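It should be emphasised that the depicted structure is a prediction, and the values quoted were computed from it without experimental measurement. Both counts, for ligands and for their atoms, begin at 1 and track the order of listing.
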Amino acid sequence: MVRRSEGLALEPLWESPGAPSEPVDCRGGTLPTELATRFPGELTIGLCPERPTIIANFVSTLDGVVALGPNEPTAGGGEISGFSNADRFMMALLRALADVVVVGAGTVRVGRRHVWTAAHLQPAHADAFAAWRSALGLSPHPTLIVMTATGNLDTTHAGLNAPGVPVILATTRAGAERLSGLPLGPNVSVAALGDDSRVAGGALVELIRGTGARLALCEGGPHLFGELVRARLVDELFLTVAPQIAGRDDAVGRLALVEGMRFGEGQGRWSNLASIRRAGDYVFLRYRLEP
Ligand SMILES: NC(=O)c1ccc[n+]([C@@H]2O[C@H](COP(=O)([O-])OP(=O)(O)OC[C@H]3O[C@@H](n4cnc5c(N)ncnc54)[C@H](OP(=O)(O)O)[C@@H]3O)[C@@H](O)[C@H]2O)c1
């Protein structure tokens, strides 16, 4: 296991001079002093006036692998990042700014212990993240939305039962039926969004909007991310490039080749590089996706 970037700052290398294009409204700004020691400068995310803004966060190996096979004993994002503390800090920062975190059920099924809060990723800075959210007028933790067509979830998962974290299971009618037979925590609600085999991107946006959220963070996995990209719902991508080479051709989640997405068929998306940071051998890229 590679363990790099422990305690390193995410040093700014380059920032696009032109962006953001004067958003009417934005989230974030200059970081509080404690957090700024790890992330100098500011982190500001423009908010869409007409719908919730959706940003995504991924970590990839140098050869473009974001997930190993579902039957791998070690299939989590941590293996992809080499359990990088700097990557966890980046994830925590984005969670700290988000009203909602959205993940697919495949990501939830990888483990049983993860909790989708900033504090879970950076317990040493939990108070600083909480204070920043409070200063920004945000609730203590983002709402977690889990996308599942089947409703096949372990409802005892720590992330579905974390105190103070509202959870919405966004599912189909069949998924809701399955979930109705399972014990759900008091903070968990089920949203049956249509009777199709999938929850449409538009329905997810309306669900997010219904919570009052302005900023949603999609943390994958690659299938959900691909769906949202194809539906042109992702506004920005924060991509960590980890100094690892997977060196295998059976990995399930190559970022650019998610299910159903083929370049040359009008489905590829161009993105504008907005900033570059580095922590040791890790590179942190921020892209704004063209509408
Ligand atoms: N490198 C990274 O940054 C990163 C980030 C996240 C995850 N990962 C990795 O990615 C792997 C999982 O990948 P994945 O692509 O299979 O997982 P995923 O996208 O998290 O989950 C796919 C599942 O999500 C549900 N889903 C997705 N879109 C849906 C929609 N529109 N409507 C209803 N349900 C929807 C379905 O669940 P049901 O099957 O329940 O119907 C689907 O099978 C894991 O190994 C994880 O560690 C890596």
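Residue Gly106 has at least one nitrogen or oxygen atom sitting less than 3.5 Å from a nitrogen or oxygen atom of ligand 1, judged on distance alone. Checking only distances, Ala67 never comes within under 3.5 Å of ligand 1, N or O to N or O. When only interatomic distances are considered, the shortest N/O to N/O separation between Phe58 and ligand 1 does not fall below 3.5 Å. Between Thr107 and ligand 1, an N or O atom pair is found at a separation short of 3.5 Å. At least one N or O atom of Thr150, backbone or side chain, sits closer than 3.5 Å to an N or O atom of ligand 1. An N or O contact shorter than 3.5 Å is missing between Ala170 and ligand 1 by distance. At under 3.5 Å, a nitrogen or oxygen of Val66, whether backbone or side chain, sits near a nitrogen or oxygen of ligand 1. Between Ile80 and ligand 1, no N or O atom pair is found at a separation short of 3.5 Å. At under 3.5 Å, not a single nitrogen or oxygen of Asn57, backbone or side chain, sits near a nitrogen or oxygen of ligand 1. The shortest N or O to N or O distance between Gly104 and ligand 1 is below 3.5 Å.
Scanning both residues, Thr171 and Ala176, for their nearest heavy atoms gives CG2-N, 3.5 Å. Residues Ile80 and Val65 approach most closely at CG2-O, 3.5 Å, considering heavy atoms. Of all heavy-atom pairs between His141 and Pro166, the closest is O-CD, 4.5 Å. Val103 and Leu224 make their closest contact through C-CD2, 3.5 Å (heavy atoms, listed as atom of the first residue, atom of the second, distance). Nearest approach of Ser81 to Ser84, heavy atoms of both residues: OG-N, 3.1 Å.
By the 30° and 60° cut-offs, the orientation of the rings of His125 relative to Phe89 is perpendicular.
Only the side chain of Glu227 comes within 4.0 Å of ligand 1, judged by heavy-atom distances. The side chain of Val110, and not its backbone, has at least one atom closer than 4.0 Å to an atom of ligand 1 (non-hydrogen atoms only; side chain from C-beta on). Residue Arg178 does not touch ligand 1, judged by heavy-atom distances below 4.0 Å.
Ligand 1 places these atoms under 4.0 Å from at least one heavy atom of Thr148: 33 (C), 34 (N), 37 (O), 38 (P), 40 (O), 41 (O). Taking every non-hydrogen atom of Ala105 and a distance limit under 4.0 Å, the qualifying atoms of ligand 1 come out as 21 (O), 23 (C), 24 (O), 25 (C), 37 (O), 40 (O). Residue contact check: Val59 has heavy atoms under 4.0 Å from atoms 1 (N), 2 (C), 3 (O) of ligand 1. The distance from ligand 1 to the heavy atoms of Leu224 drops below 4.0 Å at these ligand atoms: 19 (O), 28 (N). Near His223, meaning under 4.0 Å from any of its heavy atoms, are these atoms of ligand 1: 14 (P), 15 (O), 16 (O), 19 (O). Listed by number with element, the atoms of ligand 1 under 4.0 angstrom from any heavy atom of Ala149 are 33 (C), 34 (N), 37 (O), 38 (P), 40 (O), 41 (O).
In this structure, Arg109 contributes its side chain and Asp154 its backbone to no donor-acceptor pair below 3.5 Å. In this structure a side-chain-to-backbone donor-acceptor pair under 3.5 Å is present from Arg133 to Pro140. The backbone N or O of Phe238 lies less than 3.5 Å from no partner atom in the side chain of Arg286, so there is not a single donor-acceptor pair.
Within the structure, the closest approach of Glu79 to ligand 1 does not fall below 4.0 Å when heavy atoms are considered.
A salt bridge is absent between Arg230 and Glu227; no separation between the charged side-chain nitrogens and carboxylate oxygens falls under 4.0 Å.
Tested against Ile145, the residues Val167, Val199, Ile208 include a single side chain to side chain contact (heavy atoms under 4.5 Å, CB included) partner, Ile208.
Geometrically, Arg277 engages Phe39 in a cation-pi contact, judged by NZ or CZ lying under 6.0 Å from the ring centre and within 45° of the ring axis.
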